[in-house]
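All values below come from the heavy atoms of this structure, side chains included, with hydrogens, waters and symmetry mates left out. Chain naming here is simple, since letters A, B, ... match the order of the sequence lines and numbering starts at 1 in each.
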Amino acid sequence: MGGRCRRGNQSNEQTMSILATLRERFRPVLLSLVDSVDDLLEMIRPAQDARFGDYQANLAMPLAKQLRQSPQEVAQRIVDSLQVDDLCERPEVAGKGFINLRLRCDWLVARLEQAVRDERLGIPRVAAPRTIVVDYSSPNVAKAMHVGHIRSTVIGDAIYRTLQFVGHHVISDNHLGDWGTQFGMIIYGYKHFVAEPAYRAQPVRELGRLYKLVQQLIDYHAAVRELPERERQLGDQQAHVAAQRDAHQAHPQDKKLGKILRDAQQQVAETAAKCDELRGKIAAVEHDPQLAALAREHADIERAVLDQTARLHAGDLENLALWHEFLPLCKADMRRIYDRLGITFDHELGESFYHDRLAAVVQDLTARDLARTSDGAVCVFLPEYDTPMIIRKQDGAFLYATTDLATIQYRMEQWQPDEMLYVVDHRQGEHFGKLFATARLWGYDQVTLRHISFGTVLGEDGRPYRTRSGEVVGLEGLLDEAIRRAHAVVADNDDSKPGGPELSAEQRQEIAQTVGHAALKYADLSHNRTSDYVFSYDKMVALEGNTATYMQYSYARTQSIFQRGNVQVETLRTAGHRILLTQDAERDLALELVQFGDALDKSLEDYRPNVLTAYLFSLATKFSRFYQQCDVLRAESEAVRHSRLVLCDLTGRTIRQGLALLGIGVIDKM
RNA sequence: GCGCCCAUAGCUCAGCUGGAUAGAGCAGCGGACUUCUAAUCCGCAGGUCGCAGGUUCGAAUCCUGCUGGGCGUGCCA
């Protein structure tokens, strides 16, 4: 072969992703034609259709305009002076001026043979590592984690792992909600309602019950207060609808009136639903004599809870002691779930950590004239927003925004990051917009602050995912169910193996865990993070098509071949076997393998894990086809057999590595 | 009212800063197990890319308007 060092000492091109390599080859050619070439280089991309080769450059068309020549002519000029003969076949100009590139087989082979010998599969570390803080998960420790926490946790973890793999200095920080009203609620609940034996037996469970109880009582009083106003509103809106209906009937063809009527009707429906909800909350308490009694005794519970919170924040010894007692319990409980998911953080600096810095933040912003008092609250007014960011309430309390500012300040002092990523749902977009704008005014204008937003997890009815009774779905139950279903499939498949079952009960259980957790994570990661997605157990654990299981299955097949063939993988890697790409399926697989780096680059471009899942799915598909069409162990010759074994090994390693970056594990046998 | 987001095949979704005949998976139909795991593979069928204009050599992609939906909107996080 010998082609792999053809350009040897020239650059680190050997390890660059293919796209980057191709772009560097185009750069000098384009620079000889025009001044600004970066946008044009972006127009080199993987071919959409195999008929157009492996890569295509679409830059001749826009260039033709500037140069006042025909696109075909421009394309031909570029091709004529393009130096790619070592890595591509002769480039072709096609259609309206597309340049089609097909990689040479010997170049592909050289790439692969290099990857075989490299622990990192030939993926280089970035030349200029950045320090990046990734802020994700961030649950309220006082509440059990629920379905709403999956996306932030899983997406954040995948971004963290991927950034780390490509060589950045990444710091993960779980910004726990450990200091807010939730703790005031628990403290109040503990002081008034605790069942001591239950607390001694299962403290977190009892704290959870207290939290819910206090919440219910607060909701009750709020509902009692709010209902009359809502009913009055409903009456007004119904009268409005009646008036609009008359108007509409008088002018049935007037579209505007029709729309006004529909809007009014919709408002009525919304208000009616709201009233029902409030009545439901009231009824739930009043129909239960014990709850009703508690509600009467604790008429002032809302204010009392705020008071407990305020006392905690003010350093009240009793409340602080309770907080110190509860927090480790809650955190340990939370840790259990993270352990199951295989997620760790470099730091868990919760809201409480920043408590001492909040007053200074407000003071500093005020001193710099960035904040001023308005209606008794300290506000930062921003030109691009109608409403200010409030950093201290009328009553003197600090807010989420204040803590976030203190957090930015701390992170900048402590870690001097180049970038901070907040993996938080899209509803907080405006909050982060204001936060970042304020931070920049405050002087943090060098760091890149980014809100990595994501959509809501919906139920199959298209509404935010809830249980049938309307409660949020606990994360732990979700995991259990995923594993239960995975187990059923694993057992079923094992039972139906041609040679009879191969797995022990323990193995099945272990596999079910890996497969179940993977299914849950993958369902999330494979969707574009910015869109809402419909959660479905059936789809998630379908275990076929574009799922983690399909990849895990592909991986298991690679390992199974080694086992059946008694192949020592270490020996295989060091033996220097040549890779032979004779069948289409082999070349397709080879091309896909070599594009791992491209996939990582693209996935990180906009922090979209679904780019990586799409790559892995495509790789697994190419492997399945190869597996189907090319005998490995019974290959026609030793040379082909070795070549194919090496391809299997590379595929297995790439799948394992790719899934690892998504926080998903593999199993040798399933 | 204002602001942000969304609308692509029966269903769930991709579609990268505008590029060649819009792609997957599921569901449907038809094939392939004496075979390294059939959790697979091959084929067929299925779309006026919400509607109407505009920008351009070229628009699912950019702009405007409209329709339908979601979310946010001064002291929650």
Inset, instruction - May I ask you to verify if any side-chain N or O of A/Arg564 is less than 4.0 angstrom from the OP1 or OP2 atom of B/U37? - result: yes

Inset, instruction - Answer with base, sugar-phosphate or nothing: what part of the nucleic acid does A/Val534 contact at a heavy-atom distance below 4.0 Å? - result: sugar-phosphate

Inset, instruction - Using the six-membered ring wherever Trp is involved, compare the ring planes of A/His431 and A/Tyr400 and label them parallel, tilted or perpendicular (cut-offs 30° and 60°). - result: parallel

Inset, instruction - Pick the P atom in B/G54 and in B/U12, then give their distance to the nearest Å. - result: 33 Å

Legend entry - Each stem that RNA chain B is part of, given as range with range (3 or more consecutive Watson-Crick or G-U pairs, under 3.5 Å): B:1-7 with B:67-73, B:10-13 with B:23-26, B:28-32 with B:40-44, B:50-54 with B:62-66

Legend entry - Span that lies between the P atom of B/C62 and that of B/C6, in whole angstrom: 9 Å

Inset, instruction - Could you work out which one of B/C41, B/G72, B/U37 sits closest to the side chain of A/Tyr553? - result: B/U37

Inset, instruction - Please measure how far the C1' atom in B/U48 lies from the corresponding atom in B/A22, and state the result in whole Å. - result: 13 Å

Inset, instruction - Classify the nucleic acid contact of A/Asn493 as base, sugar-phosphate or nothing, counting any heavy atom under 4.0 Å across all strands shown. - result: base

Legend entry - P spacing across the pair B/C13 / B/G74, given as an integer number of angstrom: 30 Å

Inset, instruction - Verify whether one side chain among A/Thr153 and A/Ser137 offers a donor that lies under 3.5 Å from an acceptor in the other. - result: yes

Inset, instruction - Identify whether any heavy atom of A/Cys648 sits under 4.0 Å from a base atom; if not, whether one sits that close to sugar-phosphate; answer base, sugar-phosphate or nothing. - result: nothing

Inset, instruction - Pick base, sugar-phosphate or nothing for A/Ser560, based on heavy-atom distances below 4.0 Å to the nucleic acid. - result: base

Inset, instruction - Describe the nucleic acid contact of A/Tyr627 in one word from base, sugar-phosphate, nothing, applying a heavy-atom distance below 4.0 Å. - result: base

Inset, instruction - May I ask you to check if A/Arg557 and A/Phe623 form a cation-pi contact, with NZ or CZ under 6.0 angstrom from the six-membered ring centre and within 45° of the axis? - result: no

Inset, instruction - Just call it for A/Asp631: base, sugar-phosphate, or nothing, with non-hydrogen atoms closer than 4.0 Å on any strand. - result: base

Inset, instruction - Write down the distance separating the C1' atoms in B/U21 and B/C29, rounded off to the nearest Å. - result: 24 Å

Inset, instruction - Pick the P atom in B/A14 and in B/U55, then give their distance to the nearest Å. - result: 31 Å

Inset, instruction - Hey, can you tell me if A/Phe436 and A/Tyr422 have their rings parallel, tilted or perpendicular (30° and 60° cut-offs)? - result: tilted

Legend entry - Parallel, tilted or perpendicular, as decided by the 30° and 60° cut-offs, for the rings of A/Tyr533 and A/His527: parallel

Inset, instruction - Compute whether any side-chain donor of one residue and acceptor of the other, for A/Tyr354 and A/Thr402, lie under 3.5 angstrom apart. - result: no

Inset, instruction - Sticking with atom C1', work out how far B/G10 lies from B/G47, rounded to a whole angstrom. - result: 11 Å

Legend entry - Phosphate OP1/OP2 of B/C42 contacted by A/Arg625 side-chain N/O (<4.0 Å): yes

Inset, instruction - Ignoring hydrogens and angles, tell me if any N or O in the side chain of A/Asn100 forms a donor-acceptor pair with the backbone of A/Glu92 under 3.5 Å. - result: no

Legend entry - Candidates B/U37, B/U40, B/C2 - which lies nearest the side chain of A/Asp386: B/C2

Legend entry - Residue A/Met670, side-chain atoms from C-beta onward, closest of B/C2, B/U37, B/A24: B/U37

Legend entry - pair A/Leu22-A/Tyr55: side-chain heavy atoms closer than 4.5 Å: yes

Each nucleotide N or O in nucleotides 75-77 of chain B that has a protein N or O under 3.5 Å away: list the pair and distance.
unit_1 : atom_1 : unit_2   : atom_2 : d
B/C75  : O2     : A/Gln394 : N      : 2.9
B/C75  : N4     : A/Asp375 : O      : 3.0
B/C75  : N4     : A/Gln394 : NE2    : 3.2
B/C76  : OP2    : A/Lys393 : NZ     : 2.5
B/A77  : OP2    : A/Tyr400 : N      : 3.1
B/A77  : O3'    : A/Glu351 : OE2    : 2.8

Polar atoms only, N or O, under 3.5 Å: list the protein pairs with nucleotides 14-22 of chain B and their distances.
unit_1 : atom_1 : unit_2   : atom_2 : d
B/A14  : OP1    : A/Asn528 : N      : 3.0
B/A14  : OP1    : A/Ser531 : OG     : 2.6
B/G15  : OP1    : A/Arg608 : NH1    : 3.1
B/G15  : OP2    : A/Asn528 : ND2    : 3.1
B/C16  : O2     : A/Lys602 : NZ     : 2.6
B/U17  : O4     : A/Glu42  : O      : 3.2
B/G19  : OP2    : A/Arg45  : NH1    : 2.9
B/A20  : OP2    : A/Gln48  : OE1    : 2.2
B/A20  : N7     : A/Gln56  : NE2    : 3.4
B/A20  : N6     : A/Asn100 : OD1    : 2.4
B/A20  : N6     : A/Asn100 : ND2    : 3.4
B/A20  : N1     : A/Asn100 : ND2    : 3.4
B/U21  : O4     : A/Arg51  : NH1    : 3.4
B/U21  : O4     : A/Arg51  : NH2    : 3.1

Inset, instruction - For the pair A/Gln76 (side chain) and A/Val93 (backbone), establish whether a donor and an acceptor sit closer than 3.5 Å, ignoring hydrogens and angles. - result: no

Legend entry - Atom pair distance, as rounded to whole Å: CE in A/Met389 and P in B/U73: 15 Å

Legend entry - Side-chain donor-acceptor pair present, A/Ser17, A/Asp598, cut-off under 3.5 Å: yes

Inset, instruction - Sticking with atom P, work out how far B/U37 lies from B/G23, rounded to a whole angstrom. - result: 35 Å

Inset, instruction - For the pair A/Glu302 and A/Arg225, find out whether any cationic side-chain nitrogen is under 4.0 Å from an anionic carboxylate oxygen. - result: yes

Inset, instruction - May I ask you to say whether A/Asp495 pairs ionically with A/Arg508, meaning some side-chain N is under 4.0 Å from a carboxylate O? - result: yes

Legend entry - For atom OH of A/Tyr533 and atom C1' of B/A7, their distance in whole Å: 20 Å

Legend entry - Minimum-distance nucleotide to A/Ile561 side chain [options: B/C36, B/C2, B/C71]: B/C36

Inset, instruction - Would you check if there is a donor-acceptor pair between the side chains of A/Ser618 and A/Glu592 at a distance under 3.5 Å? - result: yes

